[in-house]
Amino acid sequence: MRIATWNVNSLTAERIDRVVGWLDIAQPDVLCLQETKQTDDAFPALDFHARGYASVHHGEGRWNGVAILSRVGLDDPVPGFADGEPADDEARLVTATCGGVRVSSVYVPNGREVGHDHFRYKLRWLARLRAHVRADVPAAGSTGGQGRPGEPVPRAVCGDFNVAPDDLDLWSPAAFEGSTHVTPEERAAVAELEALGLRDVFREQYPGVGDLFSWWDYRAGAFHKHRGMRIDLLLFSSDLADRVTWALIDRIARKGSKPSDHAPVFADVEVDPPS
DNA sequence: ATGGTCGCGCAGCGA
């Protein structure tokens, strides 16, 4: 089972061709999208359905917007946090069961500047994501669901975390001194999420290897200068993480005209197909 | 060269 994530930086008519083209080439079983910037009505579900993908979208229009595409089933979709607290104003999280895996597509707030209100929102958001993972369980007896309420299920939390977990995930640690994405607070928030048993499966495939980035600034030729960050993560529960055979960032998808500023990331897991 | 480019939407903000 191939599980992928891609911040597409909008799903306009121009970008949809790139996404559909990537589905045809990469053949993911599950693809988590972020920054669709579409309303639910405008989300091009039919383009995906025509290629065998069911989908769920949680959008608001101009900004944010997340989706999950799956060709191994898609059940019990939940928009936003399942922590019982008031709904988030912004469409940054959607969760569904795909092929027996509880999948979340996440778009963590950027933070803007350290100390900014939006930075505090980012930290609160990551804390809420942790609460969501603890609280969210698929309905008992649902198709593809392997867990009963209260029992852990295979889980994949995938998306744009806007946090580089380690200096190894930066083209230049010095270039990010004092900026967001690298602070101890942000890294601790991701580490607390991982403390629930979730593992950064891309990093596990490439321990100690630098220059593996998933985002490059549009400006100043950053992509061609290999000046990027690894901020798009696949966090898998251990039962899945133990069965990952390989993972890749498809930086080819960052090339050409009108690319997203992010590249897709995927991991392959040896799992039994849903019965 | 202390900026540089995108997307959204039509000014200027957000990333």
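Just so we're on the same page: letters track the sequence lines, and every chain starts at 1. Just the heavy atoms: all of them, side chains too, but no hydrogens, waters or symmetry mates, feed the values below.
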Indicate whether the side chain of A:Asp89 and that of A:Tyr121 have a donor and an acceptor atom separated by less than 3.5 Å.
-> no
Looking only at side-chain atoms of A:Lys258, point me to the closest of B:dG9, B:dG7, B:dA15.
-> B:dG7
Output yes when at least one side-chain N/O atom of A:Thr12 is less than 4.0 Å from OP1 or OP2 of B:dG7, else no.
-> no
Given atom CG of A:Asp261 and atom C1' of B:dG14, what is their separation to the nearest angstrom?
-> 12 Å
Let me know the distance between NZ of A:Lys225 and P of B:dG3, rounded to the nearest Å.
-> 15 Å
In terms of side-chain heavy atoms of A:Glu35, which of B:dG9, B:dA15, B:dC6 is nearest?
-> B:dA15
Hey, mind stepping through A:His132 and A:Thr95 against side chain to side chain donor-acceptor pair (under 3.5 Å) and telling me if it holds?
-> CA-CA 10 Å; A:His132 168 81; A:Thr95 302; 3.0 Å; yes
With respect to the phosphate group of B:dG7, does any side-chain polar atom (N or O) of A:Arg15 fall under 4.0 Å of OP1 or OP2?
-> yes
Steps toward ring pair (Phe, Tyr, Trp, His ring centres under 6.0 Å) verdict (A:Trp125, A:Tyr107) = CA-CA 10 Å; A:Trp125 200 95; A:Tyr107 177 45; 8.4 Å; no
Touch class at under 4.0 angstrom, heavy-atom based, for A:Arg227 against every strand present | nothing
So does A:Arg219 get a side-chain nitrogen or oxygen closer than 4.0 Å to the phosphate oxygens (OP1/OP2) of B:dG3?
-> no
Of all the nucleotides listed (B:dA15, B:dC8, B:dT5), which has the minimum atom distance to the side chain of A:Tyr218?
-> B:dT5
